[in-house]
Amino acid sequence: MTNQEIVSILNFIATALEFQGENPFKIKAYQKAARSIEALTTDVASLVERGELRQIEGIGEAIEKKITELVKTGRLEYYEKLKASIPEGLFELLKIPHLGPKKLKILHEKLGITTLGELEYACHENRLLELPGFGKKTQQAILEGIQFVKSTWDQFRLGEALPAALELKKLLKDQAPVTQISLTGGIRRWKEVIKDIDLIASSSEPEKVLEIFIQLPQISQILSREPGRCVARLANGIPIDLNLVSEEIYPYFLFYSTGSKDFLKAVQDLVSKKGLILNDRGLFKEGRKLTCQSEEEVFWHLGLPYIPPELRENTGELVAAGEGRLPSLIEEKDIRGLLHVHTHWSDGTASIKEMAKAAQEYGYEYIGISDHSKAAFYAHGLDEERLLKQWEEIDRVNRGLQGIRILKGIEVDILADGTLDLEEALLAQLDFVIASIHSRFKMNRNEMTQRILKAMENPYVTILGHPTGRLILSREPYQVDMEALLEGARKNGVAMELNAHPHRLDLHWLHLKMAMEKGVKISINPDAHQVEGLRDMVYGIGTARRGWVPKEAVLNTLPWEEFKKKLKNTR
DNA sequence: GCCGTTTTCGGCCCGACTGTTTTCAGTCG
């Protein structure tokens, strides 16, 4: 029983109790216990073993007993009974925006709804209008929510897919007779959302590789199998498409399967102008095959330098490559410091020291602490008094740690009128300020743009945090004039954040490209709420590369000595 | 259901917004 499995069972219990109309604080207790376990770095099973479960915040007598039963027997009677009392899949409907447990309960009891399709039908029949607490607008909102869920249900965030994909790739490399193996398709291009994991390998014993593949514990269902190919589904629902090819075909297949469609289409135009034929089996000239050992050689035959997968979207990379002006893209090792890190002073789970030590272990030179400001109540945002106290702790930890510098920062809320949530006199004393929006998302485009522009004019703002507020596959970005924001950022010397959290990846890569054209600086930030969150930087780097971002355009690639000067000299 | 006591019961981060009501419930962040 993994920690994650325990977390999802506790969360299910919380949702089920909420659905049944239980005491809200009991529900919160389960949610809190789940959050605590999620933040753990140790195995729950070992804590059970040592009888140390109760030491975790939010776990008392009752939940301790339940977790112990889960760990020791692999099941939990209380959970199974609860689960049996609720129709299978009903809670999937909670993914619909504006539909919570209370309304779902009414829909289920009064209309007998258990599936998305039934709910959609009921909306079309206007049957929600007669229910208590429902009206025309609610029904319309639910209908729109259903469309949204339908459009995203078979899509997955890169943050879920990539770790699973890398693990499978490693297992096959170690255990199966493959010579070359690579991720391909959208995941190789670091697309923020993908429909499946594409994996290719070369082998002289393809059927043996497939046999090993289908036996892997991560594979929960075989969707199709044919010679040299298997499509399966992982336990977390993500489809995986494994193709086995010969050594000879591998480079062409890799090139072709990486895509994107638009890129390949543009490549075909180029190929036919040169009198060549290219497909996933080879590159041909006058019926003769041009031998390529690698993808680089395929590009060479096309008269082009290697184009990194992240750029293959047909947004000008072919022309740029032809003219020898592809950007030199940022790499993971270029990042020297981390900004935008939360601690338990607001809604993070780790201490300042824990975050700093982890950052040091990863090789960073500086880390900027930026907890929420007071307007973010739900996150225990800092008021003036607590902020001052936090500075004392930062000073103390800084004195005790060698080799990493901890900076004083804040993620200050941009209020509805564009002013910031803390006094300027206080902001002036910070090393850096990230200004972000966490409320009033539904302003119209003009109002929202003015609000953010005003915030950026504040002389103490260093970075605009998650500039569009999108949550991938769950919340649309707020309406904003990005051209105007980038212009404002340039004028005021404010860096735009590329929030690396896999739920955000905000700025969008197309906006990053716009920022590069305008000469706006970027700060790639982890927005970490726990130690593991620091690792999310890889998603930021991948997205930055998609946006044509070179090292030079990124604020936190500066080594400490230079970064320090920048902080003093920006204004 | 957890926690912290003025130790065995009362409080538990809460405000904005929306749509439904006609004073509030549900949802969201």
Side-chain angles (χ1 to χ4, degrees), chain A residues 9-37 53-68 76 78-79 82 91 93-108 128-145 148 342 344-349 371-383 386 411 413-417 421 436-444 447 451 465-466 469-471 474-478 501 503-504 506 527 529:
Chain A
I9 287 173
L10 291 175
N11 278 327
F12 182 93
I13 293 173
T15 310
L17 293 177
E18 201 173 1
F19 182 71
Q20 292 177 346
E22 258 282 7
N23 171 7
F25 296 108
K26 186 168 167 179
I27 295 155
K28 283 216 167 86
Y30 277 98
Q31 289 167 339
K32 191 179 178 189
R35 267 201 312 277
S36 290
I37 291 178
L53 217 45
R54 288 287 283 278
Q55 289 170 19
I56 298 168
E57 204 184 321
I59 296 184
E61 197 183 338
I63 296 183
E64 179 194 33
K65 231 174 127 186
K66 291 190 172 75
I67 293 178
T68 306
L76 175 61
Y78 177 74
Y79 164 68
L82 213 47
F91 287 173
L93 299 183
L94 292 172
K95 288 183 184 156
I96 299 168
H98 310 294
L99 182 59
K102 302 274 163 54
K103 284 204 162 74
L104 180 60
K105 189 179 165 76
I106 294 172
L107 290 170
H108 179 57
L128 271 59
L129 301 181
E130 66 211 43
L131 300 174
F134 287 76
K136 221 171 176 174
K137 288 193 175 173
T138 305
Q139 178 172 274
Q140 187 54 33
I142 288 177
L143 204 49
E144 283 165 17
F148 180 71
H342 294 272
H344 64 173
W345 280 85
S346 64
D347 59 350
T349 58
D371 276 303
H372 288 283
S373 67
K374 60 184 191 291
F377 319 96
Y378 57 89
H380 293 291
L382 301 176
D383 57 18
R386 289 183 64 222
E411 183 179 16
D413 263 51
I414 299 174
L415 305 177
D417 62 357
D421 188 30
S436 306
I437 284 184
H438 293 111
S439 61
R440 297 291 304 271
F441 299 106
K442 284 184 180 162
M443 284 184 167
N444 71 42
E447 280 173 350
R451 175 186 180 186
H466 41 72
R470 73 163 174 174
L471 291 177
S474 70
R475 188 175 72 204
E476 294 294 325
Y478 33 75
H501 194 289
H503 285 244
R504 291 192 183 270
D506 180 9
D527 197 359
H529 288 74

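This structure is a prediction, so every number in the text was calculated from the model and none was measured. Below, chain A is the first sequence line, B the second, and so on; all start at residue 1.
- Between the CG atom of D347(A) and the P atom of dG29(B) there is a distance of 14 Å, rounded to whole Å.
- Scored by the ring pair (Phe, Tyr, Trp, His ring centres under 6.0 Å) test, H529(A) finds H342(A) as partners (sequence neighbours excluded).
- Looking at residues two or more places apart in sequence or on another chain, you find no salt bridge (charged side-chain N to carboxylate O under 4.0 Å, His left out) involving K102(A).
- Here, dT7(B) and dT23(B) have their C1' atoms 40 Å apart, quoted to the whole Å.
- Which of dG19(B), dG1(B), dT27(B) sits closest to the side chain of P101(A) comes down to dT27(B).
- Listed by chain and number, the residues in a ring pair (Phe, Tyr, Trp, His ring centres under 6.0 Å) with H108(A) amount to none (sequence neighbours excluded).
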Got a list of protein N/O to nucleotides 9-17 of chain B N/O distances below 3.5 Å?
| from | atom 1 | to | atom 2 | distance (Å) |
| --- | --- | --- | --- | --- |
| dC13(B) | O2 | Y378(A) | O | 3.4 |
| dC13(B) | O2 | H380(A) | NE2 | 3.4 |
| dC13(B) | N3 | Y378(A) | O | 3.4 |
| dC17(B) | OP1 | R440(A) | NE | 2.6 |
| dC17(B) | OP1 | R440(A) | NH1 | 2.7 |

Below 3.5 Å, can you tabulate the donor-acceptor pairs from side chains in residues 17-29 of chain A to any protein atom, sequence neighbours excluded?
| from | atom 1 | to | atom 2 | distance (Å) |
| --- | --- | --- | --- | --- |
| E22(A) | OE2 | K26(A) | NZ | 3.1 |
| N23(A) | OD1 | F25(A) | N | 2.9 |

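- In this structure, the side chains of L104(A) and F91(A) come closer than 4.5 Å at one or more pairs of heavy atoms.
- Between dG19(B), dT27(B), dG1(B), one nucleotide has an atom nearer to the side chain of K103(A) than all others, and that is dT27(B).
- Nucleotides dT6(B) and dG11(B) have their P atoms positioned 15 Å apart, rounded to a whole Å.
- With both ends at atom P, the span from dA25(B) to dT20(B) equals 16 Å, rounded to whole Å.
- dA16(B) and dT8(B) have their C1' atoms separated by 37 Å, given to the nearest Å.
- Of the nucleotides present, dA25(B) is the one that pairs with dT18(B) by Watson-Crick or G-U wobble criteria, both distances under 3.5 Å.
- Atom P of nucleotide dT18(B) and atom CE of M443(A) are separated by 11 Å, given to the nearest angstrom.
- Residue K137(A) has its side chain nearest to dG19(B) when only dG19(B), dC2(B), dT27(B) are considered.
- Legend: residues meeting ring pair (Phe, Tyr, Trp, His ring centres under 6.0 Å) with Y79(A), ordered by chain and number and at least two apart, are F12(A).
- Comparing the C1' positions of dC28(B) and dC13(B) gives a spacing of 15 Å, expressed to the nearest Å.
- Rounded to a whole angstrom, the distance from the P atom of dT21(B) to that of dG15(B) is 26 Å.
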